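The structure appears right after this line, and notes come after that.
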Amino acid sequence: MSDTQYAIELRGITKIFGEIIANDKVDLTVNNGEILALLGENGSGKTTLMNILSGIYHPDAGTIKINGKEVVINSPKDSFALKIGMIHQHFKLVEVMTAFENILLGTNNKLNRKKAAEEIKTLCDKFSLKIDLKKRVCNMSVSEKQTVEIVKVLYRGANILILDEPTAVLTPQETQNLFEILRAMKKDGKAVIIITHKLNEVLEISDRVMILRKGKSIDSIETAKANAKILTEAMVGQAIDLEIERPETEKEPHALDVRHLSVKGADGRMALKDVTFDISSGEILGVAGVAGSGQKELCETIAGLHKVEKGAILFKKENIVGKTPSEIIKAGISMSFIPEDRLGMGLVASMDITHNMLLKSYKNSKGIFLDRKEAKKLAEDLVEKLSIKTPNVSTPVRLLSGGNVQKVLIGREIESNPQLLITAYPERGLDINSSYTIYNLINKQKQNGSSVLFIGEDLDVLLELCDRILVLCHGEVMGVVNAREVTKEDLGFMMAGQKISDGGENNG
Amino acid sequence: MANFINFFYAAILSGTPLLFGTTGEILCEKAGGLNLGVEGMMWIGAFAGFYTAWKTESVFLAFLVAFASAALGALLYAFLTITLKTNQNVTGLTLTTFGIGISTVLGFAMTENAGGNPQISSEFMSKLAPIEIPFLSSIPYIGKMFLNYNPFVYIAIVIAIVIALIFKFSKTGLAIRAIGENPSAADAAGINVTLHKYLCTIIGGGICGIGGAYMSIITLNGTWQSGGGVVGGYGWIAVALVIFASWSSAKAIIGSFIFGAFTCLQYYIGQFSFLPAFIREMPVSIYQMLPFLLTTIVLIISSVNSKKISSEPHSLGLNYFREDR
């Protein structure tokens, strides 16, 4: 590293939300022409730190230097003026507007459409970005939306780019494409900060890794000298086993049989087309697919929340199409869907952990009064077992960090010992430690003889955890493959719409 | 034919205050603020405008004061919902109650003061007479139907068109639309969300106020009817008209005049001899109910119809808090 000026230099940054210290005297530096990976467990303050740089949050203490000059960033506008561009985890795009309108939004250029379009085109050529300016954002795939976000910050002349979990929603091929773009930016002398949970990506793309733990900056390691084990230990603060278990179990085929299922989505288009698959008891069936390929509808339909156009769902040889959600729950099916905004389904944000436990069990108690004791005990058990970070069980769920909210939800669902557990993105945005806790919980369900429908986004996890993997693309089944044999590349091609013919039927 | 032309003329006149109210509310809602205080702001404008007209005899001052006082009411709403993040529905309803209340009370005081229903001078009223355009206004039918109105009819249409153009073509319009759709995206793009929301709410409220003054001064012909319904629910119709016009002030022009036609149908239905007798002779209260019935139907249809690209601003009615987690 040289002694020249840093592109960004943060010293002693502190940010406090109520009782929670999100950033505690954090130091961070990035050079021009360098890709820095920011690594840390959930709730370690990565996103908060980046939001401070982009002017969304205001630090309670500390100094920020950009190119050696001390600055104060009070708003996103200040941040743009300093040529900092942030690509948020949840895209900040106006859905009903076109890509072009989104890119121009808030810029100081007069609405000279022709000139602006030319400038954008030059930019896109330089970094080989592909974009359709006239397309509305709501009609775009996730990867296209991300491209719009990237063009948006580049068009504002950003020299420092911050990407918050950019690969979470991309296929492997799209991820490689993104990395090419990032390398082109690096070559152009831009400073890039990337936040991600995926260690293999950190090792692949970054020059240096900066590790945060519990809001404090722990270490900065050069990627060339690091490996997955070193990084994990620095992040978690203790040695950890990176293998995901895949226990062998006794399987009873056709615990759940889905036959020719077709379902309409909220927009009136077919969200699932003629979907057929089955799960054995004691089996984990993974579902892979780009976000929005029908995963949500699949979960909701089995849980009885969605109208079926055609087809049957046989649970233990009994058709459950047309039954109410509470009848389906009684039959032993349980769903935990972690939506992108995490709180959307299953938990009530302003209620505390105890009351969220009650939501599922209040019907079973006798009399007209609530029995809080049992729910409180359950809540306390979960907090301890899953090491949920919370001041106490009467803290409203919305004040917990994302990962901890997820633990509450999935913990509650598993606690009812369902015979079929449907879980979507349970590890979404979770740190390694918590993810492994969740995988272990799911494996335990499997060993107990339950069936698990596991909808995931990290292909590495799907490949290691599941017995078979079903790939969805635009609501159609591209094939069901054996997770022990299939490669990541094949999954990627299937996710992009290539069908395979064999392997669809279970041997039973 | 003459009956129909008179009806058409009356429809435009009664639609004009609706157009002011609708345009004002569209401006506010485009920036994400669901201000249910339209009725209240129109009442404030009605009283303030009338009182100024009565005291000063200046048309300009009367409507300026109407604009400013209603804008002040909107400022209160803006401060509560944008800065203090109170619930928009409750705050809007409160503004309506407050506006009706204070204007009624001050109206009584004014009547007491005047010793009878206050009456604006005929000299003042003559300035608001229909504008006679030489030759054009005397073209048979067309002249009366399109070219013979008081100046505020034209002002209402011009304001509605200007606002539609702003949203379509200007940078500011793009920024406001973005705020109404997704304030955090607008914020991240460097747009001053708070400032734009304040301006839209205040200016929108002021435009509603002009609509109120139009009713107290022009519709009621310069006489303050103490205890009477000066605005009489037009503000509520305007709120529904925003949906009917799918948040476009250009479409609101047509919508306002259609609703205007329904509000004055009661006076003309008896004259339409081509209609069967039982329709003509239905009780007047049924026709008085019509605009509100239509309002209800619009609201029901709009709640059933859910398209992917809806014209409703996505974050309408939601308060924006930047550091929300």
Side-chain angles (χ1 to χ4, degrees), chain A residues 15 17-18 20 22 47-48 51-52 54-58 75-81 85-88 90-98 100-113 136-139 149 152-153 155-156 265-269 343 349 398-402 405, chain B residues 26 29-32 82-83 85 87 165-200 246-248 303-316 318-325:
Chain A
K15 175 74 186 173
F17 293 105
I20 298 158
T47 303
T48 306
N51 276 335
I52 287 172
S54 64
I56 304 272
Y57 295 163
H58 197 265
S75 72
K77 208 167 186 163
D78 295 350
S79 168
F80 288 136
M86 170 124 178
I87 289 144
H88 296 266
H90 307 306
F91 302 137
K92 305 268 183 182
L93 295 171
V94 183
E95 292 270 322
V96 296
M97 292 185 180
T98 61
F100 190 55
E101 286 174 316
N102 267 293
I103 292 166
L104 289 193
L105 199 62
T107 56
N108 281 324
N109 304 12
K110 289 265 172 319
L111 270 190
N112 182 347
R113 287 174 181 258
R136 281 179 195 264
V137 171
C138 55
N139 295 329
E149 282 280 29
K152 200 168 113 184
V153 296
Y155 182 65
R156 287 149 196 270
D267 55 0
R269 279 184 273 183
L343 272 173
R398 80 186 141 83
L399 293 181
L400 307 183
S401 84
V405 172
Chain B
I26 285 175
E29 290 195 10
K30 274 284 190 187
I82 301 169
T83 304
K85 327 272 183 209
N87 179 297
L165 291 177
I166 287 176
F167 280 125
K168 189 143 177 89
F169 293 110
S170 80
K171 248 176 53 190
T172 316
L174 185 71
I176 296 170
R177 269 161 56 209
I179 292 168
E181 287 294 335
N182 184 348
S184 74
D187 194 8
I191 294 165
N192 190 333
V193 175
T194 309
L195 178 73
H196 281 87
K197 279 194 154 208
Y198 260 93
L199 284 179
C200 287
S246 58
W247 288 267
S248 146
S303 66
V304 171
N305 178 15
S306 53
K307 278 181 292 182
K308 191 176 180 191
I309 303 172
S310 141
S311 35
E312 176 177 347
H314 209 79
S315 73
L316 182 61
L318 306 175
N319 291 332
Y320 175 58
F321 182 50
R322 184 188 273 171
E323 297 205 3
D324 209 0
R325 315 223 301 160

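Since this is a predicted model, take the numbers as computed values, not measurements.
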Q. Relative to chain B, which segment of A:S54 carries a heavy atom at a distance below 4.5 Å: side chain, backbone, both, or neither?
A.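 Neither part, no heavy atoms under 4.5 Å.
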Q.
How long is the straight-line distance from CG of A:L104 back to NZ of B:K171, given to the nearest 0.5 Å?
A. 10.0 Å
Q) Which atom names give the shortest non-hydrogen contact between A:G106 and B:I191, and what distance separates them? A)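 Shortest heavy-atom separation between A:G106 and B:I191 comes out as CA-CG1, 3.7 Å.
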Q: Please report the shortest heavy-atom distance between A:H88 and B:A188, naming the atom on each side.
A: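 Smallest heavy-atom distance, with atoms named: NE2-CB, 4.2 Å.
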Q: Determine, stepwise, if the pair B:N192 / A:K77 fulfils side chain to side chain contact (heavy atoms under 4.5 Å, CB included).
A: CA-CA 8 Å; B:N192 190 333; A:K77 208 167 186 163; over 6 Å; no
(Q) When you measure from the side chain of B:N182 to the backbone of A:L93, do you find a donor-acceptor pair of N or O atoms at a distance under 3.5 Å? (A) yes
Q | Heavy-atom side-chain proximity of B:L174 to A:M97 below 4.5 angstrom | A | yes
**Q.** Close side-chain approach of A:V96 to B:H314, heavy-atom, < 4.5 Å
**A.** no
Q. What pairs with A:N51 under side chain to side chain donor-acceptor pair (under 3.5 Å), at least two apart in sequence or on another chain?
A.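 Partners of A:N51 under the side chain to side chain donor-acceptor pair (under 3.5 Å) test: none.
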Q) Heavy-atom distance under 4.5 Å to chain A: side chain of B:A175, backbone, both or neither? A)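 The backbone, not the side chain.
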Q: Using salt bridge (Lys or Arg N to Asp or Glu O under 4.0 Å) as the criterion, list what pairs up with B:E29, not counting sequence neighbours.
A: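 By the salt bridge (Lys or Arg N to Asp or Glu O under 4.0 Å) rule, B:E29 matches no residue at all.
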